[in-house]
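So the structure is just underneath, and the comments pick up after that.
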Amino acid sequence: MAPIPGSSSNAEEPDYDYTEGASALDIDQALNNSRLTRRDSQYSLYNDNGDGSMFSGPGHTVNPSSVSRMSHVELGRRSSDNWMSRRRSMDSRKPYRNRRDSRDSQVSRQSIERPDGYEEAGDFDSQGDEDGISSTSKTKSQRKSPPSPPLRASVFENIAHLFGRSAAEPSHSRRPSISQRSSTSRRSSRSDLASEHALDTEDDDEERWGYSSGEEDSDNESQYPAPVNRDSVSITASMAYDSEPPSPIEGHQSLPLLDIDPVFGREARIEMDTSFTLLSPPPPGLPSRQTIYIADEDSTVRFVGYETVPLHVWLWRLCSLLSFGILSLLGHWFPRLWLRWAAREKAFIQTRNGFLVVESSYKAISVLPIQTIAYPYHISTVFSTVLPIPGTEAETPEPSANHYAIEDDMLKRLLITDYRHTRFAVDPRTGLFHMIREWRDTNWTDTTSAQRPLSEEMKEQRKLIFGRNEIDIEGKSTTSLLVDEVIHPFYVFQIASIVLWSLDDYYYYAFCIGLISAISIVTTLIETKKTVARMREMSRLICTMDVLKDGSWVAQDSSNLVPGDIINLSTSHFSTIPADLFLLSGDAIVNESMLTGESVPVSKAPMKDDDILKWRDDKTENPKSFLYGGTRVVRIRGTYTAQGQGRPALGLVARTGFNTTKGALIRSMLFPKPIGFKFYRDSVRFIGVLAGIAGLGFCFSAVEFVRIGLPWQTILVRALDLITVVVPPALPATLSIGTSFAIGRLRKLGIYCISPSRINVAGKINVCCFDKTGTLTEDGLDILGIRSLDRTEHRFGELLEDVHDLPLGKDKATFLHALATCHSLKMVDKEVIGDPLDVKMFGFTRWTLEEGRVAGTGNIKAKGTVVDQAALVQTVVRPPGSAQFRLEDALKGASKHAHFLELGVIREFDFVSSLRRMSVIVKRLKSTSMEIYVKGAPEVMAEICEKSSFPQDYDDLLSYYTKRGYRVIAVAGKSIEGLSWLKAQRMKREQAESRLKFLGLVIFENRLKPGTAPAIQALRNAHLACRMITGDNPLTAVSVARECNLINQAAHVFSPSFSRGNATTPHSKLSWSSMDDTLWQLDSYSLKPTSPPPHHAVESDEINYQDYSLVITGDVFRWMLNYAPLETVQRMLVKTQIFARMSPDEKNEVVERLQSLGYTVLMCGDGANDCAALKAADVGISLSEAEASVAAPFTTSTPDIGCVLEVIKEGRCALVTSFSCFKYMALYSMIQFTSVTLLYSFASSLGDFQFLYIDLFIIIPIAVTMGRTLPYSHIYAKRPTASLVSKKVLSSIIGQIIITSAVQFWAYFWVRRQIWYTSPPPNIPTKGGDNKLESTNYENTVLFLVSCFQYILVAAVFSIGPPYRKSMWTNGWLMFCMALLLGFNILVLLAPPQVVASFLTLMNLPLGARYVLLLATAINVVVSMGFEAWGTSGVSMVIGGVMSWWDRGRRRVRDGKTYKAVEGGMR
C-alpha cells in the first residue's frame, strides 16, 4: 500500500511475523529500503543536499555541542531520542561531516495534488555512507497534544510568572540529542535481532514534564493507557496539514519484553512538549505555512503568514473600548484570540501589511512584521541559484513581477523578517522563507577567488542584507518595560484586587499591597535594566580593522565589516576576534575558552581550497583554519616567503553580527529554552483548585446574600473579594523565597548560579557524574618517569626519573627526540604554551624550543602545479647550549651534508580524538633522513607499530601502571631515508603512522584532590549513585575510582571486549569478563554474573547487586547503543559506574541516556571537553574559572567536588522550603476563607484592619523568615518529593484544613450558645450606599482571634526540619517573629489594649470565654502537630491501599522510575 502524504501515523495492523525465514541481513536490508520511502520530517521541498551544520566547532568535536548549548540564563533539557532510535557515531570516518536535520524547512502545501512516488523522490538524503551502512532519516517524531497557553520565554523570566503562560502539556516526543547534530553524525539503527519484533507502545495521554517526578517512595502512579486505533487511511493530504510524517522506525518502537512489562514501555523522562498547536487547514494557493529547523539553536519553529482585516480590526478596537481594555488584555495573553478575530491567513509572498506568527516548539508565540525593502540586485546575492529539489510547475509559484524579474534573475523587492536576531527572506521563486546566514558566495571556488576585494556596491548590498557587524542588544525603554511588567497576569490580578478593595473602602490594605507591588515592579525594572546593560557591555565589540579596498588598506570600524571583506590581521588593532573569519595567510593562536571553557590555546593554519569548497557547498567550516568571533587572540603573525619578504596575516570575513559564533551564544542567553519542573506545574494547578474552592464558596455565599436581601452590587463585590482571599496575590512571590536564600548562601561559599530554577532541581538529584582529570584528580600531571626499552633484552628497562639517564641508542628514531618534538607547543612572549601534558613532557627533556618563523614557506607541487604552501620548519628544538637551526638544512637532500644543527619539525599531524594520537615529521641534524614520531594512547599503538617492536612485558607493565591510577602515554617512531621536504608535505597520515617501532612509555602521576574521597563517601552514604565519565584508560579510571571509593574496594569489576567482530560490525559479540580474573564472566544479555571459576570461594547466587560493577569504553558504548538489545543497554547504563575512553560527544550521550531512564543527573566537570555534558545535565557544575561560567548553570571558584554536596543540600533545602511556603500559603488562604465564608452567612466580614494585620503583620513576616532555615548538615538517603499531589502532601494539607476548619466551626457555634452572646444588628447595605459589611460582632471577634493563632500554628507545623533542613529552632528570625506574634496575639486575646481593640473592631469578651478560646487554640496546636507527625503517614497508607485495591488487575507504571524497574530486574 502506497504511503499517504502527510499522515503522521500508521493504521493498526495485525501482528504477524513477516520475518520468518529471513536472515538478519535480509531484515536489515528490508528495513533500510522501507526507510527510503519515508519522508524526513525536517527536510523541505526546497532544501540543500549538503552535509554539515552551521557550527562544526573550533578545535575539536565538542565545540558544536557547547556552542549550541551556550546559555547565560537558563536552558531546557536536551535529551536523547527514543530508546528505539539508535544512533551510530561516525567519529572515526568523517571528522567534519554532520547532517543538518533541515537546511531550510518542511512546507505545508496541502492545496497541491502530489503525484505518487513523491515521497520516494523527496528522500534525497537517505542513501548509505561510505561504509555501506544505510543511514536513516532523523525525524523529530512529535506528537500532538491539546493546545495550551503559550510560554512566556524571556531572559528575565522569574518564578513569579507562574500566573502567566503555563508550560505546554507534555508529550512523548524527544528532541534529537546534541550528538545527533554535532560534527560527528549519528545514524539511527536497529537494536539487534532480539528487537526485531517490536510493538508500538506509544501512549499519547502520558504527562511528561522537564524532570523526574514524584517521591522516591512514591505516590505518583498513573494509568497505562490502552493503545489508540489510528485511522491513517481516512486522513487526506489536505486534512493532514499539520501532521508530522511518520517516524523512520514507527511501528518498531519497543521489544516483546516491553509489551509484557509496561514499566519499560514508556519513556520515563519527563520533557516539555515540542509539538505545534493544531491549526485549521491552510487556504489554497501559495504556501502560507512553513516549518524551519534552526540548527545552531537546535529548535524548530513554524511560520504562518497573516494579514489584518481592517473591518475586523476596528470591531476589535471598539469591543476593547466597551470592555474597558479587558478584551485587549486577553488578546495580549492569548494571541490566537486576536488572530482569529482580526486577521486571516495569507501566503507569505502575497501579504500586504502582513505579519508572521512564529510558534516555537514550546508553544511560545511571536508576532513579527514582514518588511519589504528595495533590493535591485541579482538573486544569487541572497538565495541559491539552484533549487535543491527542482519542482514541477504545479509545485512552484509564479514569481510576482513586483518582486522578481525572471529574464535577468534580478530582484526588485525583498520580503524579510527578523526572528530572534536571525534574518529570513522570502524566495520569490518558491514563496518560502530562507535563513540569510546560510547564504554562500558562489564565486568562492578556491582561496584565490575568495581573496578578491569587494566593490563598494557589493559592500552596500551585503550590509543591507546582513546588517552591521554588531551584536547590539536592544534595550527596551523604561515605559515599555513598565507596561510589559504591569500587564502580566500576576500584576493585573494585584491591580484588580487593589481596585476592588478600594471600592470596598479597604483603603489602608489596598495602599499597603499597592506599595509592595510598586516596589516589586520598580525592583524588577532596575534589575532588568542592569541585566540588559551587562549583556550589552559583554556582547558589543568595536575595534579598528584594516580592510582591503580598491587595492589599498583602509582603516575602518569593525562594525562595518561584511562577509567577503579581506582584513589585515597583522596591522589591525584588536584583542578579540570581531567576526567569524577564515585565516588566509599567516598563523594564529587563540583562546577559545568562551566556547569550550578550555583555556588551552588553539593553533590556526591558513585555509585551503577544500576548506572554502566545504564552506560553500556543505555549509560547514574547518575549525583548524577558522577564527571564531569572540575568541581571544593569543598571537597572530604573518609569514615570510622563501626570498625573506614578509607577508601579513590575512583574514576573510565569513559571518558577522548575530550570525557569528558569539552571536549564537548571545542568542541562546537572550532566548533560553523553557524548563519544566513538576513542582511548578502542580503549584499552578493547585492555584486552580483554590480558585475552584473560591467559586464554591461564592455560590454558597451568594445564596445566603440573596436570602438576606443584599443588593446585587454588594453580592458582586463580596464574591470578587472572596477570590482574593482564596488566591492570595502574594502566593507566587513566596515560592521564590527559598531559592533566593539558597543562591545567597551558595554565593558566600564561592558557588555562583546563573539559573535560579535549577536550585530546586538540584534537590531531586539521584545520580552524580564526574569527569576525572581536573575534577576528581589534580589538574596538573607530574611525570613519574619514563620506561624505555632495555638494550640487551626484549623487555622494558628501569623507570627513569631523569632524562639524562635515557640512553640514545644507535637508531636514528630515538625516544629522547620523540619527547622533544612530538607535541604542538608554541612559544609566546618567551613562554611555552599548549596542552599541559605536552608542556610537562617537553619540560622533562630540558630542551629549548623556538618556532620556525624565519624559515619562510615552500610550495607543495602536484604534477608541476603549486597546490599549497607550508612552513619549511614549524618548530625548532635543541638541547641547552646548542647552535641554531639554519634554513638550508631543511632543504638539503641526501647528497649534501648539513651544518651543526638540532631538530626541526617539518610537519605536524594534529591530535584527533577518534584516532587518540598525534604525530610529527622531524628533520634531524647532520642526517640524510627524516624521522616520524607518534605519541598517543597505548591501546592504539598495536594498530600502527610492528608487533616485533613491542617488549615481552608490554601488557603486564601497562596493566601495572594503569591499575594503580597512573596515566600512560605510548611513544613510537621510525626513520625514512632520503625523505625530502616536498615528499614529507605530500605524505598522507596513514603512510606516516604505519610500521612504526615502539620506543617507550611516559608515565604521568595524577593525584586525587584532597576533597574528592570525603565527598564521594558522603554521596555514597546518601545512596546517591556516582559515575565517572572520562577520556582516560579504563584501568586507570578503575584505579582512581577505587582510590576515592567511587567503587567499593572489594567489588568485582567487569569490562566488555569484542569476542567476535569489532565496534563497526552490527553482529559483533561482547564478552564481559572480570578485570581481576578473565575466566569469570557476565551473561551477555542479562549482565548478571555467571558461575565463578572453581578457585573463587563464592557462588554466583551469593553475588549481590552491589557486589559488582561495570566499566565500559567509548567504542563498546557506541556499539551497544546501535546494536545491543534495549534491555541490555538499560542494564548497562544502570550498572556501569565508569565510562572510560569517552569522546566529548559520548560524554553528552551518557548523560542523556541516564536521563531517559528517569534519573535526575548532576554533572561536574572542569568545563573543558565535558562542556556539552554540563549543558545536557539537569544540574551542571563547572570547576573552571571566569568565562567557563557559560558552560554550566553553576560555577565554583574553588575547584573541588565538595561543591556538589553544597549544591545538593541547598537544592533539597530550597525545594522543601518552597513546599513549606506553598502549603503555608494554601492553609492561610483556607483558614481565611473559612472565616469569611462563616461571616458571610449573616452578611458580616472581617474588618479592614483585621485583614491588614493578618496579611502584613502575620503572613508576610512568617512566609519570608520560613525560608531562612539552613540546610541540614548531612545529605539524607532519600530525596524530598517534588510533587504537590503526592499522597503525603495532600494528606497533610487536607488534614490540616479539616482540623483548622473544625476549630473555627466550633468557635462559631460555641459563641452563639453563650448566655452573654447578642445577635448582631441587621446592617444590610442599601442601593447606592457603600458595600461594606459590618465587622463588629461576637462571631467576627471569636473567629479572628482563633484564626490569628492558627496562622502561626500552621507555620510551625509546616516548618519542616530534619532531614533536609535544620530544626525550626535554629532559625532565629522565624522564632523571633513567631514568639513576638504569639505574645501579641495572647495579649489581644486576654487583655487587649483599648486602642488595639478599637482598630481591630473587637467585641469585649468575658475573661472565662477568653481562656476557653486559649484552651481551644492549645488543643488545636496539639492535634495539628500530632496529625502532621503521625497522622499523615497513616492516612497516606490508607489512600495508597484504596488506590491499590481500585487498580488491582490493571496495568500500571511508575512514572519516571524506569531505572528502578531495571534495578529490580537485576537483583
Practice item. Would you mind reporting whether Phe741 and Leu1270 have side-chain heavy atoms less than 4.5 Å apart? Key: no
Review point. What residues, two or more places apart in sequence or in another chain, satisfy ring pair (Phe, Tyr, Trp, His ring centres under 6.0 Å) together with Phe1358?
Key: none
**Study point:** Residues forming a side-chain hydrogen bond (donor to acceptor under 3.5 Å, both in side chains) with Thr1234, sequence neighbours excluded
**Key:** Ser1301
Practice item. Assess whether side chain to side chain contact (heavy atoms under 4.5 Å, CB included) is satisfied between Asn1340 and Met1403, documenting all intermediate values. Key: CA-CA 8 Å; Asn1340 172 288; Met1403 297 286 287; over 6 Å; no
Point to revise | Sequence neighbours excluded, every pair satisfying salt bridge (Lys or Arg N to Asp or Glu O under 4.0 Å) that has a member inside residues 1291-1320 | key: Arg1312-Glu1339
Point to revise | Which residues share a side chain to side chain contact (heavy atoms under 4.5 Å, CB included) with Cys699, sequence neighbours left out | key: none
Exercise for review: Report yes if some heavy atom in the side chain of Gln1350 is under 4.5 Å from a heavy atom in the side chain of Gln1304; otherwise report no.
Suggested key: yes
Review point. Under the side chain to side chain contact (heavy atoms under 4.5 Å, CB included) test, which residues partner Met1368, sequence neighbours left out?
Key: Ala1356, Ser1359, Leu1374, Met1375, Met1378
**Study point:** Heavy-atom side-chain proximity of Leu1413 to Leu1405 below 4.5 angstrom
**Key:** yes
Exercise for review: Begin with the C-alpha distance, continue with both residues' side-chain angles, and end with the deciding distance and a verdict on ring-ring contact (aromatic ring centres under 6.0 Å, His included) for Phe1219 and Tyr1364.
Suggested key: CA-CA 12 Å; Phe1219 264 80; Tyr1364 305 115; over 10 Å; no
Check your understanding: What residues, two or more places apart in sequence or in another chain, satisfy side-chain hydrogen bond (donor to acceptor under 3.5 Å, both in side chains) together with Arg1268?
Key -> none
**Study point:** Heavy-atom pair with the smallest gap, counting every atom of Val1346 and Ala1307
**Key:** CG2-CB, 4.2 Å
Review point. Is the side chain of Thr1432 donor-acceptor paired with the backbone N or O of Glu1428 at a distance under 3.5 Å, no angle test?
Key: yes
